[in-house]
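Before any comments, here is the structure.
Just so we're on the same page: letters track the sequence lines, and every chain starts at 1.
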Amino acid sequence: MILNIAFKEFYNNLLTARFTIGFIMCLFLIPFSLVVNLKDYREQLKGYEIERVKTEKSYQVRVYSALRPEIVRPPEPLSIFSKGISGNAANKFKIQLDSRESTADGYETGRENPLLMSFFSMDFCTILVFILSLFAMLFTYDACSGERESGTLKLVFANPVHRWKVLIGKLIGVCLTLLPVIIFCFLLSALIVLLAPQVSFSAGEWLRVALLIPVSIIFFGLFILIGLLFSCCFRASSVCILLCLFVWVISIFIIPNMANSLAKSLVAAPDNEDIVTVNLQLNREMGKKIAEHSQSIRKQVGSDFFYWSGNGGEDGYTELAGASRNLMDLNRLYFEFVEPLRIENAEKKGVGEKEFMDKMEAQMKLANRLALLSPTDVFRQVSNTLCRTDDDTRRLLYYESLMRYRDVFIAYLKAKNVFSSYEYFTRQPPETFMSYDEIVRVRSGGQFNSAAEFIKWQKEHGGDRSPLNKVPIPGTAITDYPPLELTDMPIFECKSPSTLGVLRQSMGKIAGVICVELVLFFLTFVCFVRYDVR
Amino acid sequence: MFSNIVLREIHQHILSFRLHLTMILILLLFGLGSVAFIKGHTADRQSYEQVYSTNLEKERSWAEKYLSNYMIRVRSLMLAPRSDAFITDAKEKMMPNQFWYSGFCVFGFEVPNWASNDLMESFAELNWVYIVSIIIGFTVLLFSYDLVSGDKENGTLALTVSYPVSRGMLLTGKYISVITVAMLVLLPGIVLSLIILLLSGAVVFDGILLAEIAGFLAGTALFVACMAALGLLSSIITTRSNVSLLVCLCIWLGSVVVVPNSALFFTDKLFPIKSSQSVKERINQAQQAVNAKHKAIYDAVKGSNVTAEEHFRMYEKQNMEWFQAEKTIKDSWNNSLFYQFSGSRRLAAISPVSLFEQLSEALVGGGLVRLRKAWSDMSLYQSQLLEWFKGVDAKDPESMHIYDPSNTFGMTHKIVDFAIVPQFQERRASFAERLDGARLSLALLIIYTVIAFSLSFVLFVRYDVR
């Protein structure tokens, strides 16, 4: 009997104008939303490939002071379905000694034209939730009140059928109508992804897409129940549709925006300027210590600053070859003191930076929590989690993977004792180091006997260095040495949440929705049983 | 008779459930929106002032070293948060509002990345225009979807038409009553919002702001008229009120969600721009060409006796050309950015909601109007600053008067009081400029309204009331 009623409802729904219009809308909008995101994703993928090649070069170094691993994160394939914050997050990182924050310029995730940032674009999950939630309520708002108005409800109840059977029959009928639409939407999107060039999903990714189907069915159940409840509570179908539409508009357009606005005003945004000032102060203090130390070691070792070939750069990168023994010793003593100091300083700076991020996160968490009032926003959050474009994924990448890797990398450097070894800045074996005098003597082929003589000559000849080119010394150019063998170096592993992990994370929200559904069902049931058919 | 019809309709609407529901919602939204605005605006203002004073201190220290040092330094300038953003923020937080310039060149603009929380998805603020375009637009459709079809269904239409009143008058009466009711629903919300803003003292109410509010109300009336005409049309085309509702929902969904969000889909194809990568490469090539050209000049004079002053002149020429090479390419690229942006906005003009947003944005002088004005004012300011500097420099007998954009050798090394150095002041767009920006959206909104209403007029005159 229940099935009979369900099929009757199903056929009734199938023939209505709302079904046709809704179906046509899905047919148009879903390919539309996917195509825009697919294009974005393909461009990101292209950028990623270019960056990846660049990062491989970061391991092709000759000295340890140049070894600062670069890591580039591939774009998340499922951002095609639900964009989340994947477009805002940094995608390239450089491990540095003097900063825990290590974002580098990666590939473009935003838009080429900065003016276009003010346009929003919709993804598959947004469209799905927009249209199908509206759909769900449009099919249920007159399930009871509409039949009462047309008088058929009396006839139905006159039959020897329990009221609850009628209710469940109606519910199944609406589900039967919506289910094919949801499945159709997903099949269409899967087809588009399959046909798209350069985009291929792994089995795990398909699994997560498949997981989106039951999740969306659960969410649409919620809207069906809301519609049914209104329909059973009120006598006029025009009031029901009004309430349904208001619930819909509020949950889509009002609550999320209100939650964001309120969160922004309740949790004060941290000030970036403050961190800049604090970090500047810390750097200045460190600079003072370093300057003192440099002076003392210069007194200790002496300074003649001669090197034949060298290079330098950010974050302590120094590479020397053919330098005088004094300069080599000076550098060794310098780095032995400075590098641990800079690591320590990074920790100090990290405290403020962490606080900053914590505040940002508190703001975001409050916004998300306030937005839980809106069922559509809960769906957005769950789909972001399933598509790994939410904040938890970012945290996992940033704190669990990246910061841990930085610690492991620094531990690796410390274990090899590189800061106090010559290998940190030169590949020349220490036994081949020469003093300035010796270098001048050998290089000039005996023209000068000491550095002092050469310097005097150089002053008279306008800084000319050419006499030193006479006799080359092998192994005194930085390019004479091959890149370091880094077989024992720790390798970065990006931890991204597993399918089970994302499911577990969203379980709480899904369970909450199911609980609300049960309550709504109970209420609907009570209202329907007591419904006055006159 | 006409006023009778209008009053009866209004009376009916006022007693309806939908009006009460909307009223509560509107009051809630305007109240919460204003509170959120005040909090957000105060915080924005504070951080803006902090950035501004830090920048000013930095510039002062440059100028106090010597004036030409101040001229060649590259600095940034941020636009202040608008205090009338409670009407519409025009998504300015997502738009570029930081300029890079020196005394010799305006380099470009960018979106400051600290302005938003990266952990949150971007969202529209709850300002007046948002509330009106979403809630009022929706309500107007809800009020008008059953104006004709609903009356027909419950049989009152036949009775009404049987009165000795022309059908046109009947329709106009219904139409005007919907507009009046929508404005009546809106007014308490606006009054509440204004009271909150007045009490908080976060916003200074001056003549311009009052004019802007009046302009906003006029724009809202036009928007409401447009939506009501669309609802009326759908109610006449369809014979049953629930189909009419469906059509209205589609219109609304299309104009609020689909059209504004899909402009990007067509943008790349209809208004293509060069990629920023290729622009960078072109600038690089042009600059290398300049360097090569000047290297040849240096090589030619090498060995001959050239005075320091002549050297400086050569540097100046090279650096000037180097800057110019970048500037010409960058300027045309920036122009193409603006072209693409306004093109995409024009695409969204199919939707009355987008039109209303663009109209109010132009009326408050925000968004694109503001950015464009600030951008051209910036260039003007830079050239004025340079002229002023040349005037100061001319008075210095020790200076060689060589205006090199990246070296201070040939310029005055005198110290000038920072207070007399001209500073950039953002000027609000004038009334004419705002109207100019609003022209297209205003015209289109009026055209849509007139078309929709005259269509419904014609159809209603021929309407079969049975």
Side-chain angles (χ1 to χ4, degrees), chain A residues 17-18 21 25 29 32 35-36 39 83-85 88-89 108 110-122 127 130-131 134 138 142 237-239 241-243 245-246 249-250 253-254 256-258 260-266 268-269 271-273 357 360-361 363-364 367 380 391 394, chain B residues 17-18 21 25 29 32-33 35-36 38-40 43 47 50-51 54 90-91 94-96 109-111 114 117-126 130 134-135 138 142 146 242-243 245-246 249-250 253 256-258 260-265 267 273 275-276 337-338 340-341 344 367-368 371:
Chain A
R18 46 194 167 185
I21 292 180
M25 274 180 119
L29 290 178
F32 199 66
V35 167
V36 175
K39 199 176 123 255
K83 230 173 164 105
I85 57 165
N88 307 349
E108 204 72 40
R111 291 172 188 140
E112 194 98 73
N113 184 349
L115 292 163
L116 292 183
M117 298 294 254
S118 57
F119 280 100
F120 297 152
S121 70
M122 291 180 303
I127 294 265
F130 266 41
I131 295 179
L134 187 65
L138 280 183
D142 59 354
S237 67
S238 59
V239 174
I241 180 76
L242 215 65
L243 281 172
L245 287 178
F246 269 96
V249 168
I250 291 172
F253 291 98
I254 305 300
N257 296 38
M258 196 124 79
N260 275 329
S261 293
L262 281 181
K264 281 211 164 167
S265 45
L266 289 177
D271 211 328
N272 205 11
E273 258 345 85
M357 281 319 287
M360 288 289 213
E361 257 171 35
Q363 208 175 48
M364 180 269 305
R380 179 190 65 85
D391 178 61
R394 185 198 63 85
Chain B
F17 177 61
R18 46 192 160 186
L21 208 61
L25 199 62
L29 284 179
L32 277 171
V35 174
I38 292 165
K39 282 252 187 182
S47 64
Q50 198 178 356
V51 171
T54 338
K91 293 182 186 148
M94 283 157 248
M95 297 249 285
F109 48 75
E110 66 175 16
V111 185
W114 47 264
N117 186 342
D118 272 352
L119 308 183
M120 278 152 62
E121 286 177 45
S122 47
F123 64 96
E125 308 246 352
L126 277 181
Y130 183 78
I134 301 288
I135 299 297
F138 188 67
L142 279 189
D146 61 352
N242 53 1
V243 179
L245 180 64
L246 214 59
L249 273 178
C250 285
L253 210 61
V256 169
V257 181
V258 181
N261 290 313
S262 55
L264 275 182
F265 182 75
T267 297
I273 54 166
S275 74
S276 57
L337 294 185
F338 277 117
Q340 190 185 41
F341 182 54
S344 322
L368 186 63
L371 183 63

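Put simply, the side chain of Lys39(B) does not reach to within 4.5 Å of the side chain of Leu262(A), judged on heavy atoms. By the 4.5 Å heavy-atom criterion applied to side chains, Ile254(A) and Ile135(B) are counted as neighbours. Within the 4.5 Å cutoff, no side-chain heavy atoms of Val35(B) are placed close to those of Ser265(A). In this structure, the side chains of Phe130(A) and Val258(B) stay at 4.5 Å or more apart for every pair of heavy atoms. Side chains of Leu245(A) and Leu245(B) form a contact here, defined as non-hydrogen atoms less than 4.5 Å apart.
Heavy atoms closer than 4.5 Å to chain A are found in the side chain of Phe109(B), but not in its backbone. Looking at Leu266(A), neither its backbone nor its side chain comes within 4.5 Å of chain B, counting heavy atoms on both sides. At a 4.5 Å heavy-atom cutoff, the contact between Val257(B) and chain A is made by backbone and side-chain atoms alike. When heavy atoms are compared at a cutoff of 4.5 Å, Phe138(B) approaches chain A solely by way of its side chain, counted from C-beta outward. If you measure heavy-atom distances from Ile127(A) to chain B, you find no contacts under 4.5 Å at all. Both the backbone and the side chain of Leu337(B) come within contact range of chain A, with heavy atoms under 4.5 Å apart. Within the 4.5 angstrom heavy-atom criterion, atoms from both the backbone and the side chain of Ala124(B) approach chain A. Looking at Ile38(B), neither its backbone nor its side chain comes within 4.5 Å of chain A, counting heavy atoms on both sides. Heavy-atom distances place both the backbone and the side chain of Asn257(A) under 4.5 Å from chain B. Only the side chain of Ile273(B) comes within contact range of chain A, with at least one heavy atom under 4.5 Å from a heavy atom of that chain.
When atom types are taken as modelled, the side chain of Tyr130(B) and the backbone of Phe253(A) share a donor-acceptor pair closer than 3.5 angstrom.
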Show the numbers, then the answer: is there a side chain to side chain contact (heavy atoms under 4.5 Å, CB included) between Met120(B) and Lys264(A)?
CA-CA 10 Å; Met120(B) 278 152 62; Lys264(A) 281 211 164 167; 3.9 Å; yes

Please step through side chain to side chain contact (heavy atoms under 4.5 Å, CB included) for the pair Leu142(B) and Phe246(A), ending with a clear verdict.
CA-CA 10 Å; Leu142(B) 279 189; Phe246(A) 269 96; 3.7 Å; yes

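Interface check for chain A: of the options Asn242(B), Val243(B), Ile134(B), the most heavy-atom pairs under 4.5 Å are formed by Ile134(B). Interface check for chain A: of the options Ala90(B), Ser262(B), Ala43(B), the most heavy-atom pairs under 4.5 Å are formed by Ser262(B). With respect to chain B, the highest number of heavy-atom pairs below 4.5 Å among Ser261(A), Ser238(A), Pro256(A) belongs to Ser261(A). Considering only heavy-atom pairs separated by less than 4.5 Å from chain A, the leading option among Leu249(B), Leu368(B), Thr267(B), Thr54(B) is Leu249(B). With chain B as the partner, the residue from Asn260(A), Ile85(A), Val36(A) showing the most heavy-atom pairs under 4.5 Å is Asn260(A).
Shortest non-hydrogen contact noted between Arg18(A) and Leu246(B) is CA-CD2, 3.2 Å. Minimum heavy-atom separation, Met258(A) to Leu126(B): SD-CD1, 3.5 Å.
No salt bridge links Glu121(B) with Lys83(A); every basic N to acidic carboxylate O contact stays at or beyond 4.0 Å.
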